[in-house]
Amino acid sequence: MRASADLPDLLLAWYDRHRRRLPWRAEPGSRADPYHVWLSEIMLQQTTVATVGPYFRRFLELWPTVSDLAAADLDPVLHAWQGLGYYARARNLHKCAQAVVARHGGVFPDTEDALLDLPGIGSYTAAAIAAIAFDRPATPVDGNFERVFARLHAVETPLPQAKPMLRDLAAQATPARRPGDYAQAVMDLGATICVPRSPKCMACPWMEPCAARRLGIAEQLPRKAEKAEKPTRYGTAFWIVAPTGAVLLRRRVESGLLGGMMEIPSSAWAGQRHALSAVAGEAPVPGDWRALPGLVRHTFTHFHLELTVVATSAAARPVPGGVWAPLDALGDYALPTLMKKIVRHALAQLGRQ
DNA sequence: GATCCGTGGTG
DNA sequence: TCACCAAGGAT
């Protein structure tokens, strides 16, 4: 009979041979910098390793320590975060750095409870930092953990209902020895072997004890509750260019979608299309609008968006809440991907005329 | 608990 | 093409 105590050892032996080298990961035997661990964990929330790499390195260049980050203005932080998405993470990152300096003298706390009190750090991230940076026996249950343990124990209850059960199963399995390596090992396993589609069971160190593998249902787990269909919203973006070659931008409100980021002004995003004549009044300046051919499409977490772009020229007079940005300096502004798509579309359509 | 919050890769 | 997915948190 195989005792459950064998599970961590099997996995750690595999990890010692297959561990991935990642920019934020310490060399075997040495402990990672808590600042690096925290920064990477925030960036990795719902974001792939490949995407995070360049951002992580850039942030360390700009702000080598948590104190440097705390002393920075929010604007450059949002600018460096542009394209990563979930922009509340960047605002909380900045707040958290300031809290670490103010409350903890610039040194990250080493317990889950203290970490959990910091902005942007939830149950997963608190456990991940405690385990990886401080080698505490914490269990950071992310999507990898849920998938691996749903299969290991053949849990057929769909997510998110199964979350508490999976959390318990994972917590019970966490070893006292090398808990940090163990946590990273489960994540590596989920990222490279126990993947969502076509899991590579023949290469898995947990193939023998895996119940789903035995039952032949590994690929079907974890089951998930059906998601609501995404609605489509429609709007009109206003491309306003001054004779100086400057474009009118606006800063979005702090909270909510793309909070705090810059935008190309647009009408409200409504559930149905509206004619230009119906939305022209929502433009920040009056204009002799020209509709550009084509559409800009973008999909957010919970809705699709289709924007028409209309263009006009206008004198570069001050506009309440507006910023005139030189076309050749748009890179200096924190523009989320949707806004970059609008810029690209407008320049392409106007350039061909 | 349900909803909101981005983006790029993938099969 | 498009639904799914990725080291989740805040409200």
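So you know, we letter chains A, B, ... as the sequences are listed, proteins then strands, and number each from 1.
The aromatic rings of Phe145(A) and Phe149(A) lie parallel to each other, with less than 30° between the two planes, well short of the 60° mark.
With hydrogens and angles left out, the side-chain atoms of Lys230(A) and His302(A) include no donor and acceptor closer than 3.5 Å.
With a heavy-atom cut-off of 4.0 Å to chain A, the contacted part of DNA chain B has its first and last nucleotide at dC4(B) to dG8(B).
With sequence neighbours left out, the salt bridge (Lys or Arg N to Asp or Glu O under 4.0 Å) criterion links Asp181(A) to Arg178(A). Every residue was checked against the salt bridge (Lys or Arg N to Asp or Glu O under 4.0 Å) condition with Glu41(A), not counting sequence neighbours, and none meets it. Remark: Arg57(A) engages no residue in a side-chain hydrogen bond (donor to acceptor under 3.5 Å, both in side chains) (not counting sequence neighbours).
For the ring pair (Phe, Tyr, Trp, His ring centres under 6.0 Å) condition, the pairs that include at least one residue of residues 13-32 of chain A, sequence neighbours left out, are Trp14(A)-His18(A), Trp24(A)-Phe56(A).
Phe145(A) comes within 4.0 angstrom of nothing in the nucleic acid, heavy atoms only. Within the nucleic acid shown, Gly259(A) has no heavy atom closer than 4.0 Å to any nucleic acid atom. Residue contacts for Pro160(A): at a heavy-atom cut-off of 4.0 Å it reaches no nucleic acid atom on any strand shown.
Under the 3.5 Å distance criterion, the side-chain polar atoms of Arg290(A) are left unmatched by any main-chain donor or acceptor of Thr312(A). Of the possible polar contacts, one joining the Arg89(A) side chain to the Leu84(A) backbone as a donor-acceptor pair under 3.5 Å is found.
Distance noted for atom P between dG9(C) and dG8(B): 22 Å (whole Å). Across the C1' atoms, dA7(C) and dA2(B) are found 23 Å apart, a figure rounded to whole Å.
Looking at which nucleotide of DNA chain B each of Ser198(A) and Pro336(A) is closest to, the 5′-most match is held by Pro336(A).
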Annotated protein contacts, base or backbone, on nucleotides 3-11 of chain C with a non-hydrogen cut-off under 4.0 Å, one of B, S, - each: --SBBBSS-
